[in-house]
Novice: 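Have a look at this one before I ask anything.
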There are 2 protein chains.
Amino acid sequence: MNRANVDKRSPVPLYYQIKETIKEKIEGGSLEPHERLPSERELEEDYGISRMTARRALTELESEGYVYREQGKGSFVAEPKLRQGLLQLTGFTEDMKNRQMKPGARVLENRVIEPDEELANNLSIDSGSNVFLLQRVRFAEEEPLAIETTHLRYDLCEGIKDYDFSGRSLYTTLREEFNITLSRAEQSVEASLADEFEAKNLQVDQGDPMLITERTTYIGDEKTPIEYARSTYRGDRYKLFVKLKG
Amino acid sequence: MNRANVDKRSPVPLYYQIKETIKEKIEGGSLEPHERLPSERELEEDYGISRMTARRALTELESEGYVYREQGKGSFVAEPKLRQGLLQLTGFTEDMKNRQMKPGARVLENRVIEPDEELANNLSIDSGSNVFLLQRVRFAEEEPLAIETTHLRYDLCEGIKDYDFSGRSLYTTLREEFNITLSRAEQSVEASLADEFEAKNLQVDQGDPMLITERTTYIGDEKTPIEYARSTYRGDRYKLFVKLKG
DNA sequence: AAGTGGTCTAGACCACGAA
DNA sequence: TCGTGGTCTAGACCACTTG
């Protein structure tokens, strides 16, 4: 671990800067699974911070699944499979990258609509408001894997309909172009059978198994919904991973 | 909030004692949703602890969904629905109770076997060891909902085959009769179609949608697997709920 | 014995919300 | 202005692992 690339005058908390630095090294592969990380006291010295701050960075990395820690031994890089599919809020693009697959998309629908009552309710808006509708076939390694239909409160991201979402991540666009951070989501998962539309677009047969997720996503205040999304995944190709705590 | 019912000489950490105390008051209903909790500085004084310790108790309650906190305002009891159906490690019985449904079971298999290679691998034992096999049809409100097939390391719960699991919870039995606490689990979720066996036992047709979960559960040390379970749920009756964090 | 993570203290300054 | 949660410091003792 090299020196102090943290900015003590930045409004970004120190523990967060350090956490992100380590996370990038893990994701970038410059730290191998099971490789030993700097100890809390080493980080303290390297970055010129207190131990509690170093500790917080490592503790959060542990709870996010990037790191495991053993008393008396040290902190270590977790195996990638343990990082997958825990309770992280990710979009399709990031999900595929976690699985070491190349993501892709073909846009089916891209327009601003007036929501029906149910959709307006899901987004906590009234039915006169504008909603951005984006429907895409999502690919993994050039193979169709899912159909994703998402609805965004258009007043929070006006102009988003002019982006081309065949090659870009929706969540990245929200973050980088509209400065919208997502804080949390509520999601349901159920099983179903492919209908004609899904069969055609995903190259499967009608009646094949499908995994359906429905998600409501909230912005930074944790109270305001911005997205309601429904995705149908090919049941033969997609499995969801969850970590449970007692 | 009344006085100092914490034991400073106990090996149980102070932050944990306080956290459990508050959790019990929330679950017991003596603290209402959206009711204000003591501030960090009030806890500090009430329990005679430092602020960082009080803070840790509240922070963990927040990450477990019991509490929400707002800067400048205070800490408040979260709504029960935000506590439900997140990634809690629960068995079928508790899951049904959370959904306000009456659970039930019919035992199909109940014996001690020698594991094949894959199963031995899942449980981190060698294939000469004994494994307890329990297969049950699970009911919700007297209707068949799932087939649950679970495998336990028999050396950790010798004698468990003599219990009647048509009327009792496996996890409760492990906890109360064998003093085994479960710490965490890794679970996968996928979609499939009902086969003949499932169709017959769950009163559905072959080819109907099914939700399949596979779970490996670990005991208190978080490293030793004790259970490998596979459950198939009727896709038309069962939906899984997940909370995601950003 | 030395190093590690786990807990804990007693302070400090800050940004934010309400009065 | 005052109380709140958010961050941070510079120490401390403990239990655990490894040499």
Novice: A:Leu43 has an atom CG; how far is it from atom P of C:dG3, in whole Å?
Specialist: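 For the pair A:Leu43 CG and C:dG3 P, the rounded distance is 16 Å.
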Novice: OP1 or OP2 of C:dG3 sitting under 4.0 Å from any side-chain N/O of A:Ser39?
Specialist: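 No.
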Novice: Ignoring the backbone of A:Arg69, work out which of D:dC8, C:dT7, C:dG5 is nearest its side chain.
Specialist: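 The closest nucleotide is C:dG5.
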Novice: According to salt bridge (charged side-chain N to carboxylate O under 4.0 Å, His left out), who are the partners of A:Lys102, at least two apart in sequence or on a separate chain?
Specialist: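 By the salt bridge (charged side-chain N to carboxylate O under 4.0 Å, His left out) rule, A:Lys102 matches A:Glu142.
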Novice: Just wondering, more than 12 heavy atoms not from B:Tyr16 lying within 6.0 Å of its OH?
Specialist: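 Check fails, neighbour count at 12 or below.
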Novice: Within the 4.0 Å heavy-atom criterion, would you say A:Arg55 contacts the bases, only the backbone, or no part of the nucleic acid?
Specialist: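 Base contact - A:Arg55 has a heavy atom under 4.0 Å of at least one base atom.
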Novice: Can a donor-acceptor pair be found, under 3.5 Å and without considering hydrogens, that links the side chain of A:Tyr154 to the backbone of A:Gly159?
Specialist: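 Flag set: sc A:Tyr154 to bb A:Gly159 pair under 3.5 Å.
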Novice: Relative to each other, are the rings of A:Tyr238 and A:Tyr233 parallel, tilted or perpendicular (30° and 60° limits)?
Specialist: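 Geometry flag for A:Tyr233 against A:Tyr238: parallel rings.
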Novice: Restricting to non-hydrogen atoms, name the atom on B:Asp7 and the atom on B:Leu14 that form the minimum distance, rounded to 0.1 Å.
Specialist: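 Taking every non-hydrogen atom into account, O-CD2, 4.3 Å.
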Novice: Does OP1 or OP2 of C:dT4 have a side-chain N or O of A:Ser75 closer than 4.0 Å?
Specialist: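 For C:dT4, OP1/OP2 do not have a side-chain N/O of A:Ser75 under 4.0 Å.
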Novice: Angle class for the A:Phe76/A:Tyr68 ring planes (parallel below 30°, perpendicular above 60°, tilted otherwise)?
Specialist: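 Taking A:Tyr68 first and then A:Phe76, their aromatic rings lie parallel (interplane angle under 30°).
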Novice: Heavy atoms under 4.0 Å, any strand shown: does A:Glu42 hit a base, just sugar-phosphate, or nothing?
Specialist: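 The residue A:Glu42 makes sugar-phosphate contact but no base contact.
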Novice: Applying side-chain hydrogen bond (donor to acceptor under 3.5 Å, both in side chains), name anything that partners B:Thr150, two or more places apart in sequence or on another chain.
Specialist: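 Residues passing side-chain hydrogen bond (donor to acceptor under 3.5 Å, both in side chains) with B:Thr150: B:Glu227.
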Novice: OP1 or OP2 of C:dT9 less than 4.0 angstrom from a side-chain nitrogen or oxygen of B:Lys8, does that happen here?
Specialist: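 Yes, because at least one side-chain N or O of B:Lys8 sits under 4.0 Å from OP1 or OP2 of C:dT9.
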Novice: Please report, rounded to the nearest Å, how far the P atom of D:dC14 is from the CG atom of B:Leu14.
Specialist: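 B:Leu14 atom CG is separated from D:dC14 atom P by 15 Å.
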Novice: Take atom OH of A:Tyr68 and atom C1' of C:dT4, then tell me their distance rounded to the nearest Å.
Specialist: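 Rounded to the whole Å, the gap is 14 Å.
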Novice: Strictly under 4.0 angstrom, non-hydrogen atoms only: write out the protein contact profile of nucleotides 10-19 of chain C, one letter per nucleotide from the 5' end, B, S or -.
Specialist: B-B--BBSS-
Novice: Nearest whole angstrom, please: distance from the P of D:dC8 to the OH of A:Tyr15.
Specialist: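 Taking OH of A:Tyr15 and P of D:dC8, I get 7 Å after rounding.
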Novice: Would you kindly give the NZ-to-C1' distance between B:Lys19 and C:dG6, to the nearest whole Å?
Specialist: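 To the nearest whole Å, that distance equals 14 Å.
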Novice: Mind calculating the distance between CD (A:Glu70) and C1' (D:dT18) to the nearest angstrom?
Specialist: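 Atom CD in A:Glu70 sits about 13 Å away from atom C1' in D:dT18.
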Novice: Please say which of A:Arg215, A:Glu214, A:Glu118, A:His151 ends up in a side chain to side chain donor-acceptor pair (under 3.5 Å) with A:Tyr228.
Specialist: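 Testing each of A:Arg215, A:Glu214, A:Glu118, A:His151 against A:Tyr228, the sole residue satisfying side chain to side chain donor-acceptor pair (under 3.5 Å) is A:Glu214.
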Novice: Want to settle it: does B:Pro13 or A:Leu58 sit nearer the 5' end of DNA chain C, counting the closest nucleotide to each?
Specialist: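 Between the two, 5'-proximity favours A:Leu58.
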Novice: Nearest to the side chain of B:Thr53, which nucleotide is it out of D:dC8, C:dG5, C:dC8?
Specialist: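 It is C:dC8.
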Novice: State, to the nearest 10°, the angle formed by the axis through the first five base pairs of the helix from C:dA1-D:dT18 to C:dA18-D:dT1 and the axis through its last five.
Specialist: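 The angle, to the nearest 10 degrees, is 0°.
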Novice: Quick one: salt bridge (charged side-chain N to carboxylate O under 4.0 Å, His left out) partners of B:Glu20, sequence neighbours excluded?
Specialist: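 In terms of salt bridge (charged side-chain N to carboxylate O under 4.0 Å, His left out), with neighbours along the sequence ignored, B:Glu20 is linked to B:Lys23.
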Novice: Would you please name every residue forming a salt bridge (charged side-chain N to carboxylate O under 4.0 Å, His left out) with A:Arg51, sequence neighbours left out?
Specialist: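 Expected list: A:Glu40.
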Novice: Rounding to an integer number of Å, can you tell me how far B:Asp7 CG sits from C:dT7 C1'?
Specialist: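 Rounded to whole Å, this separation is 15 Å.
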Novice: Rounded to the nearest angstrom, tell me the gap between atom CD in B:Glu60 and atom C1' in C:dG6.
Specialist: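 Atom CD in B:Glu60 sits about 12 Å away from atom C1' in C:dG6.
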